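Report on the following structure.
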Amino acid sequence: MKLPSPRWPSLRRPVLHWPVLHWPVLHWPSIRGRARADAGPLVLTAVVVAVVSALAGAVPSLLRSTADEAVRDAVRRAGSNADVTVTARWEPDDGETGRIRMPRLAEDVTALRERALNELGGGLRAALLPPVAGVITPTLKVTDGSVLRTLRLGYLSRDGGPAVTWLTGGEPGPTEEGFPEVAPSGPPWTVSIGLSETAAAAFDAEPGDHIPVADEKGNPKDVVVSGVFRPADPADPAWRLAPWLLEPVTGADGLGSTRFGGLLSAASLPDARLAFGPDDTKRTVWFSPDPDVLTWESADRIAATAVTLKATSASSSSFDTASTWNTQLDAVLRDVREQVNAASAQASVLLIAVLTVAVLVLLLAAGLVVHRRTPALAVARQRGTGLPVLAIELVIESATVALFAAGIGLAFARTLVSQSVSGNGPQPSFGVAALVAVVPVVLAAVMAAPVLAVIAAARATRDRRAPANRSARRRVARTAQMRRVAGELAVFAVVAAAFAALHQRGVQPGAAVWLPAAAPTLGVLAGALIVLRLAPVGAGFALRWAVRSTRPLAVFGASRVAETAGRVLPLVTMVVAAGLPVFAFTVAGTVEAGLRDGAWRTVGAEARLDLAPDSLASPELVRRIAGQRGVSHVVAGQVIDGARIVAEEVTVSPRLVIVDARAFRELLEDTPLPDGGALAGLESSASPSASASAPATASASALPTLFPDKSEMSDEGSSVPALVLSADGGMRVGMKLQLLRDDAPAVALTAIGTAPAIGGAPDVVLVDANALATAGMTAEPDTIWATGPGAAQAITTSGVAGDAVIRTEILRERHDAPLVSGLLRLAWASAVVMLALGLLGFTLSAAATAPDRWQTLTRLRTIGLRPRDARRVATAELLPLAAVAALAGPALGLGLAWQTLGPLALRLLTGQSADPAAHLPWPALIVVSTSFLVVALAVAPAESALRRRQHLSEVLRVGT
Amino acid sequence: MTLLTVRKITRTFGEKETAVHALQDVSFDVEAGTMVALVGRSGSGKTTLLNVIGGLDRPDTGTVHVDGVEVTALDEDGLSLLRREKVSYVFQTFGLIPVLSAAENVGAPLRLARTPAAERERRVALLLDLVGLGDHAGQRPGELSGGQQQRVAIARALAASPRLLIADEPTGQLDADTGRSVMALLRGVVESEGVTALISTHDPIMMALADRVIRINDGRITE
Ligand SMILES: Nc1ncnc2c1ncn2[C@@H]1O[C@H](COP(=O)(O)OP(=O)(O)OP(=O)(O)O)[C@@H](O)[C@H]1O
Ligand SMILES: [Mg+2]
């Protein structure tokens, strides 16, 4: 053991005229000497400050750019749902006896576009791409008797585009110039259209040919081909609104149908209006948002503008030509805003956790430095150095270290941020938020050592012997005890406030974000204080056991443990540093598990096929899918959103699912989704042959009874058993329900159990197809669920029009969403950083106690303790702290996760309907626990190796 | 019977110009059951000699035998065993274990020797009574006076019934009266416990109490 004083090159001269106030004289050699002597802990402090500054500095900026990216991503995904559309009626065209042809309709379309642009306002206009204006007619059926083909006519205009070249014939012209009046009873008014090359080939049509079409009611229309065109740029955004003008689209108007398009020109648009009913065609302007210019900040304003526009247009009368605004953009932005809020709440929770652990570890490092310096500080004091001088000298040292390290950390954060934000988005601002997050760490690094050192120096020179008088001693003890209890009560009060805030309003952006966001950290801290209270009790028990035990070494380790058990900082730091990584790992694990679960819930199976409207899932199709390799279950059913159901005289509109109960239960049992249990209750009436014969292992429910022979149906249905799920309790088990139908009597249902949340819907009514058929309602299956490793492949290649929804794709898409992947990365990074800090803290606190520990061990060596036993005793001393951290930390982290994940609204990121249950990645828990124990086991041999060269005689010579 | 044999011990610290010859060709014998005072000026090599004899330090040349065991040939484990069974120390700075009570400090060598608990407790009580600290068994070193601490240290040194007790200026940090009572105690226990004691001191009274005085000057025995 070395005396610290000789390592300090020189100690201060006494201040001579001490009563005279003068500027303190700093002693630079002392400052340098001290720093050199304690270079190790100072470097560690710098590393901690740098790492945490890098993390804390990067997070706000990354969060910001991730939020921007999330907004863009959401708008891109929403596709045409995010479009803003404006529609307006035409001016009336009533004449004396019939309708008058209005030749300037194309100008009216342009006028609407201009008007819409004006009404938009600057903020929203900047976020939208140049609009496309146009008119699209209702669908016509092609009546040439062949396959099912439909025709729609469309007029599009976008800044003079979209340009086309006419291959044969020419642009559609007016049927008649001027303002002729058309009698309502006359023959159908002729409309000229242009056809794309594919369409012309399909119709085998040339300029001048008529295409035989009729409207829904069978009234024939007269459509004549003026020419065949080719688009100058098929990628022109205008075509996106009516892709069928270029290429026929299958399945758009029902199974097996193909939609063709007829291009109208400004000249033939008036004829198209006349060919249809007075209000059958409307002018429309489409705005698509420009994701590239959207930012998190602008999103709010844009959503507000969109809401205002919709609100004002809704109030206008339906008989004038005012524009009606329509968009889902505000809803899309509101959703992403909720997600961003949830993600930033979770990020601030994690950041506060990291900062707390960092501050605690910095305090430990400062404690170590001061512990080593105490004797020399006392000498300096005795020689007359004033406390202010000492404080200033120490602040100079710590500020240099802290600011330098923070600078490096922030510079690193800055490069990290600018590298991670690639692409065309605006560069994130690296602003005040980053600096604010770094402040607590820098402050702790600057202030901790000087404050502790000044206290230590002041103590060293003050006479602090316990008063001789016994009652006075007791009074002092009681005061200390009261102070401690008061401090603990204050912490618990803050914890309670944080929890109350968190559970009442979650972590909403606003003034006091930090309080609810600090709840998990404060909770772990409070738990650590309780552990701190228990530790001396436990150590006392251990000591009493050790004293009585026959193991010669136990008593030495146990007495050292009992000695150090009451030390606040090491224990609190260890418990917090073990607990918060577990919390962070739990956040990550819960999000991952929630994503998996959410994907299952959204799809309801391994893969799902939502058939195009008007097309049916035929038994052949179901059998074909079931026959594919790797498909284990296939079920077809009908899903009706917004079914009208009367529950106790209140009409609700849940999702109605009509499915073969037994087959669906078997399918659900093949997934991790909850339950089929309740479905079993619906099965009693199911026909035993529900699963059609299928090759190999696949069982297919082709639902023979979904296509029942009409004659078998009974008209008077007794009540059909149903499962219900209701978010607001509008439908409950035991209720009688009425399923309303358009052209048929209502079907009576009885709620006998709880339905699964099919596709994540909040309100669901599920009935067995067979039972419903018996009651007189035939299902028209439009949805196919499939499970098994080959299900995704089988569904995507089914060759039927419809949306294939694949679980693994949904999962990957959600996992890769900017907010989710960003949060996961942050959770992992902060967990790892906190764990590393915790282990560093452990070695620091071991270093602080090392001199006392090895003094005891050396003394034991002089009475015959063997070197290897000395190591064992040292380990026995260090292990309990690690064990407490390894046990109490994870327990607290898990408990806090369980308590606080709900208000943190992880469901917004995982795509689940309810908050995910806390899910712990076990390997992470084991890593956290064992790493503390492993470090504890490694420290004693390391310490003894460091002291190997010291002879007992030298150690004893200095009087220790 | 000769308990301690020291032959041709030299111990030099440092090298070349800065070399300090702390011990030079030191040889002597000590009979069992005697109390020997080692006397010399400060820096004459007393502590160095005692450390070499007790195995806390190794000489450059020469041998030390204690009770037939060649101390200078032992490895660390052998030395540990030697300290457990044959040689014990009393330091100027007491060397007690701060976290253990007086009784536990005295009992520590017995624990290392795996003495049964009942016997250990009996012997600890006896030794504490012997050094006059029967009433202070539960106090920690920090709660005892310097003289009391040194008496605990002496009791601890006697606990495992060593053959040789080495004490390096045991009264160095005590006032004259306390020092005298500690010396009287040492004299008494050498008699009652039958140990051989080698005690370095500056104190003339101690020399008077000793059976024999060995003088050391600049690392050489002058007797
Ligand atoms: N570890 C060491 N390194 C260098 N020199 C040493 C060392 N230990 C002792 N010495 C030197 O050896 C000589 C003898 O020292 P020692 O401590 O044995 O003297 P001492 O007789 O015990 O003195 P005192 O009565 O003051 O305790 C001294 O000159 C001392 O400086
Ligand atoms: Mg000495």
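Everything numeric here is computed off the predicted structure, so don't read it as measured data.
Dense packing is recorded around CZ of A/R533, with more than 12 heavy atoms of other residues, nucleotides or ligands lying under 6.0 Å away. The environment of CZ in A/R484 is crowded: more than 12 heavy-atom neighbours from other residues, nucleotides or ligands sit within 6.0 Å. No more than 12 heavy atoms of other residues, nucleotides or ligands sit less than 6.0 Å from atom CZ of B/R215.
Judged by distance alone, the side chain of A/R859 and the main-chain N or O of B/L96 form a donor-acceptor pair under 3.5 Å.
Between B/P98 and A/E563, every side-chain heavy-atom pair lies at or beyond the 4.5 Å cut-off.
To the nearest 0.5 angstrom, B/I97 atom CD1 is 7.5 Å from A/T862 atom OG1. A distance of 7.0 Å separates CG in A/L860 from CG in B/L100, rounded to the nearest 0.5 Å.
Neither the backbone nor the side chain of A/T564 has a heavy atom closer than 4.5 Å to any heavy atom of chain B. The part of A/L553 that comes within reach of chain B is its side chain, from C-beta onward, which places non-hydrogen atoms under 4.5 angstrom from that chain. Looking at A/D852, neither its backbone nor its side chain comes within 4.5 Å of chain B, counting heavy atoms on both sides.
Listed in order of number, the residues of residues 133-166 of chain B that approach chain A to under 4.5 Å between heavy atoms are B/R140, B/R156. Among the residues in residues 103-131 of chain B, those with a non-hydrogen atom closer than 4.5 angstrom to a non-hydrogen atom of chain A are B/E104, B/A108, B/P109, B/R111, B/L112, B/R114, B/R120.
Tested against A/R866, the residues B/D77, B/L81, B/L79 include a single side-chain contact (heavy atoms from CB on, under 4.5 Å) partner, B/D77.
Contact between A/L865 and B/R84 at its shortest, heavy atoms only, is CA-NH2, 4.5 Å.
A salt bridge links B/E76 with A/R861: the closest approach of a Lys/Arg side-chain nitrogen to an acidic carboxylate oxygen falls below 4.0 angstrom.
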